[in-house]
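Not measured: the values here are computed from a predicted model.
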Amino acid sequence: QVRLVESGGGLVQTGGSLRLSCAASGRSFSTYTMAWFRQAPGKEREFVAAMTGRGSEKGYGDSVKGRFTISRDSAKNTVDLQMNNMEPEDTAVYYCAADVEASSYYTMRAVSYDYWGQGTQVTVSS
């Protein structure tokens, strides 16, 4: 069982920055592929970023490339999402997810992830 708890959401103006953090339980955290997804009202859950267990690969959704950065600290069992130059279209609930079956690859498909956090709201005002 893996428990994920997100923090760091809030309200930010267009062009501003926020940093989300996800704290994970589990003795094998360093082997999990970790990801961030988001879901805006009335829309499907959207892939934001992922990072493999050894940190060898990272991937980003097209809408956030060049603005968002995913990182992880295996000593602290955390995965962060640094969001810069934010836009109103970034407004959504952001979820942290863990794929405990994958360590050397990532997928952009939400159904592949085994555990999810409760989500944290991010609102970007225009």
Side-chain angles (χ1 to χ4, degrees):
Q1 188 75 13
V2 177
R3 183 167 180 257
L4 303 174
V5 180
E6 302 98 336
S7 61
L11 175 65
V12 64
Q13 291 185 334
T14 297
S17 298
L18 274 178
R19 189 177 184 90
L20 305 182
S21 187
C22 173
S25 65
R27 288 176 285 182
S28 301
F29 171 80
S30 63
T31 67
Y32 305 155
T33 286
M34 299 297 297
W36 288 93
F37 286 78
R38 67 187 183 186
Q39 189 164 19
K43 295 188 176 181
E44 293 187 353
R45 194 161 293 192
E46 176 189 13
F47 172 78
V48 175
M51 187 170 181
T52 56
R54 303 301 179 186
S56 58
E57 288 195 33
K58 297 180 184 181
Y60 297 92
D62 289 341
S63 61
V64 307
K65 282 180 181 176
R67 300 188 298 120
F68 290 11
T69 302
I70 188 171
S71 62
R72 66 191 295 164
D73 186 334
S74 292
K76 297 180 179 180
N77 277 20
T78 58
V79 58
D80 291 352
L81 185 69
Q82 177 65 43
M83 305 184 291
N84 298 328
N85 194 22
M86 297 186 72
E87 304 167 352
E89 292 74 23
D90 296 321
T91 296
V93 177
Y94 283 69
Y95 298 91
C96 176
D99 182 348
V100 301
E101 300 296 327
S103 63
S104 59
Y105 65 90
Y106 69 89
T107 173
M108 295 185 287
R109 299 174 65 242
V111 295
S112 296
Y113 290 83
D114 309 290
Y115 297 96
W116 293 82
Q118 82 288 350
T120 185
Q121 176 70 46
V122 171
T123 303
V124 184
S125 63
S126 57

J.: Classify the side-chain pair Gln82/Asn84 by whether it contains a donor and acceptor separated by less than 3.5 Å.
T.: yes
J.: Check whether any side-chain heavy atom of Thr33 sits under 4.5 Å from a side-chain heavy atom of Tyr105, and report yes or no.
T.: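 Sidechains of Tyr105 and Thr33: no contact.
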J.: What heavy-atom pair brings Tyr32 and Ser25 nearest, and what distance separates the two atoms?
T.: CE1-O, 4.4 Å
J.: Which heavy atom in Val79 sits nearest to a heavy atom in Trp36, and how many Å separate them?
T.: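 The answer is O-CZ2, 3.5 Å.
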J.: Counting N and O atoms only, with roles assigned by atom type, does the side chain of Thr123 sit under 3.5 Å from a partner on the main chain of Leu11, one being a donor and the other an acceptor?
T.: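 No, Thr123 side chain to Leu11 backbone: no donor-acceptor pair under 3.5 Å.
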J.: Which atoms form the tightest heavy-atom contact between Cys96 and Leu4, and what is the distance?
T.: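 Heavy atoms of Cys96 and Leu4 come nearest at O-CD1, 3.6 Å.
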J.: Do NZ/NE/NH1/NH2 and the carboxylate oxygens of Arg72 and Asp80 come within less than 4.0 Å?
T.: no
J.: Have Asp99 and Ser112 got a donor and an acceptor in their side chains that come within less than 3.5 Å?
T.: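 No pair is found: no donor N or O on one side chain lies under 3.5 Å from an acceptor on the other.
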J.: What closest approach, in Å, do Ala40 and Ala92 show between heavy atoms, and which atom pair accounts for it?
T.: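 Scanning both residues completely, I find the closest heavy atoms to be N-CB, 3.8 Å.
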J.: Specify the closest pair of heavy atoms between Met86 and Leu18, including all atoms of both residues, with the distance to one decimal.
T.: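 Of all heavy-atom pairs spanning Met86 and Leu18, the closest is SD-N, 3.8 Å.
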J.: Check for me whether Arg109 meets the cation-pi criterion with Phe47, that is, NZ or CZ under 6.0 Å from the six-membered ring centre and within 45 degrees of the ring axis.
T.: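 Negative - Arg109 is either too far from the ring of Phe47 or too far off its axis.
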J.: Between the main-chain N or O of Met34 and the side-chain N or O of Tyr113, is there a donor-acceptor pair closer than 3.5 Å?
T.: no
J.: Is it true that atom CZ of Arg3 has more than 12 heavy atoms of other residues, nucleotides or ligands lying nearer than 6.0 Å?
T.: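 Not more than 12 within 6.0 Å, no.
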J.: Quick one: closest heavy-atom pair of Gly59 and Tyr106, and the distance?
T.: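 Taking every non-hydrogen atom into account, CA-OH, 3.3 Å.
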J.: Which distance, rounded to the nearest 0.5 Å, do you find between the CG of Asn77 and the OG of Ser30?
T.: 8.0 Å
J.: Judged by atom type as modelled, is there a donor-acceptor pair below 3.5 Å linking the side chain of Tyr60 to the main-chain atoms of Ile70?
T.: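 Side chain of Tyr60 to backbone of Ile70, a donor-acceptor pair under 3.5 Å: yes, one is there.
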J.: Indicate yes or no: at least one non-hydrogen side-chain atom of Asp90 is less than 4.5 angstrom from one of Arg67.
T.: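 The answer is yes; the side chains approach within 4.5 Å.
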J.: Please check if the side chain of Thr120 supplies one atom and the backbone of Gly9 the other of a donor-acceptor pair under 3.5 Å.
T.: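 Answer holds: yes.
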J.: Is a side-chain donor-acceptor pair under 3.5 Å present for Ser63 with Glu46?
T.: yes
J.: Keeping the roles fixed (side chain from Arg45, backbone from Arg38), state whether a donor-acceptor pair exists under 3.5 Å.
T.: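 No; zero donor-acceptor contacts below 3.5 Å.
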J.: Would you mind reporting whether Glu6 and Gln118 have side-chain heavy atoms less than 4.5 Å apart?
T.: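 When only atoms from C-beta onward are counted, Glu6 and Gln118 do touch, with a gap below 4.5 Å.
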